[in-house]
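Please read the structure below before turning to the comments.
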Amino acid sequence: QVQLVESGGGLVQAGGSLRLSCAASGRTFSLYTMGWFRQAPGKEREFVAAISWSDSTYYADSVKGRFSISRDNAKNTVSLQMNSLEPEDTAVYYCAAGFLATINEVAYQYWGQGTQVTVSS
């Protein structure tokens, strides 16, 4: 069982930056692929970024070059650095953990409660 708690969301102007963090419980954090997903109002949840146990990274095309995912296995945390934010990035951001390195959300077994990111124009 893994529990995930996100933090770092908030309100930022377009062009600004935010750093999201996700703290995980459990002893096997280093074995998981950690992902970030987001859901905007009225839209389906979508993949944002993921980092595998071997530190391979994956990004949605919409965030490539602007977002960066990283993990610290010693601290059981995964972070999402978001730069050059756009109003279209406004959403609830969710941290997720799974054993497969995939962008498919059904492969992620554990989810956090989400943190709101709002980008004003």
Side-chain angles (χ1 to χ4, degrees):
Q1 193 68 270
V2 176
Q3 291 185 329
L4 304 173
V5 179
E6 302 98 334
S7 61
L11 173 64
V12 64
Q13 289 188 334
S17 298
L18 279 176
R19 185 175 181 87
L20 304 183
S21 293
C22 174
S25 65
R27 301 178 181 177
T28 58
F29 174 81
S30 62
L31 300 180
Y32 287 94
T33 287
M34 300 301 298
W36 286 96
F37 293 78
R38 66 186 182 187
Q39 187 168 21
K43 295 187 177 180
E44 293 186 351
R45 189 159 56 188
E46 65 177 2
F47 170 78
V48 175
I51 184 166
S52 73
W53 64 270
S54 61
D55 286 344
S56 295
T57 57
Y58 310 85
Y59 295 96
D61 288 343
S62 59
V63 307
K64 278 181 182 175
R66 300 189 298 123
F67 291 11
S68 178
I69 189 170
S70 61
R71 66 190 301 161
D72 185 337
N73 291 334
K75 297 182 178 179
N76 278 17
T77 59
V78 60
S79 298
L80 185 68
Q81 178 66 42
M82 305 186 295
N83 298 327
S84 302
L85 283 161
E86 304 168 353
E88 294 73 22
D89 295 316
T90 295
V92 177
Y93 283 70
Y94 297 91
C95 175
F99 285 113
L100 296 179
T102 176
I103 68 173
N104 192 337
E105 66 173 83
V106 300
Y108 290 82
Q109 289 83 17
Y110 304 103
W111 292 82
Q113 82 288 350
T115 185
Q116 177 70 46
V117 171
T118 303
V119 185
S120 63
S121 57

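Scope of the values below: all heavy atoms of this structure, side chains included, with no hydrogens, waters or symmetry mates. This one's a predicted model, so the numbers in the text were calculated from it and none came from an experiment.
- The minimum heavy-atom distance linking R38 with Y93 is given by the pair NH1-OH, 2.9 Å.
- In this structure, OG1 in T115 is found 9.0 Å from CG in L18, a value given to the nearest 0.5 Å.
- L20 and V92 fall into different hydrophobic clusters, defined by Ile, Leu, Val, Met, Phe, Trp and Tyr side-chain heavy atoms under 4.5 Å apart, directly or through other members.
- Of the possible polar contacts, one joining the E6 side chain to the G114 backbone as a donor-acceptor pair under 3.5 Å is found.
- E105 contributes no side-chain N or O that, together with a main-chain N or O of I103, makes up a donor-acceptor pair within less than 3.5 Å.
- Nearest approach of G98 to Q109, heavy atoms of both residues: CA-OE1, 3.1 Å.
- The backbone N or O of Q3 sits less than 3.5 Å from a side-chain atom of S25, completing a donor-acceptor pair.
- Between the side chain of R71 and the main chain of S52, a donor-acceptor pair closer than 3.5 Å is present.
- With Q113 contributing its side chain and V5 its backbone, the two residues share no donor-acceptor pair below 3.5 Å.
- You'll find the side chain of V63 stays beyond 4.5 Å of the side chain of M82, heavy atoms only.
- In this structure, L100 and A107 approach most closely via the heavy-atom pair CD1-CB, 4.2 Å.
- Interatomic distance, OH of Y59 versus CD1 of I69, reported as 6.5 Å (0.5 Å rounding).
- The two atoms that bring P87 and S121 nearest to each other are CG-CB, 3.8 Å, heavy atoms only.
- Residues Y94 and L4 fail the side-chain proximity criterion, which asks for heavy atoms closer than 4.5 Å.
- Interatomic distance, OG of S79 versus CE of M34, reported as 10.0 Å (0.5 Å rounding).
- Considering only heavy atoms from C-beta on, F67 comes within 4.5 Å of D89 through its side chain.
- N83 and S17 make their closest contact through OD1-OG, 2.9 Å (heavy atoms, listed as atom of the first residue, atom of the second, distance).
- One N or O on the side chain of T90 and one on the backbone of V119 form a donor-acceptor pair closer than 3.5 Å.
- Hydrophobic clustering, with ILVMFWY side chains joined whenever heavy atoms are under 4.5 angstrom apart, groups W111 together with F47.
- Proximity of C95 to W36: side-chain heavy atoms (C-beta onward) are separated by under 4.5 Å at one or more points.
- Proximity of Q81 to S70: side-chain heavy atoms (C-beta onward) are nowhere separated by under 4.5 Å.
- Taking OG1 of T77 as the reference point, atom CG of D72 lies at 4.5 Å (rounded to 0.5 Å).
- Linking Ile, Leu, Val, Met, Phe, Trp and Tyr whenever their side-chain heavy atoms come within less than 4.5 Å leaves Y58 and L80 in two separate clusters.
- For N73 (side chain) and F29 (main-chain N/O), no donor-acceptor pair under 3.5 Å exists by modelled atom type.
- Under the 4.5 Å side-chain criterion, counting only non-hydrogen atoms from C-beta, S62 is not in contact with E86.
- Ring centroids of F99 and Y32 are separated by less than 6.0 Å, placing the two rings close together.
- In this structure, F37 has its ring center closer than 6.0 angstrom to the ring center of Y108.
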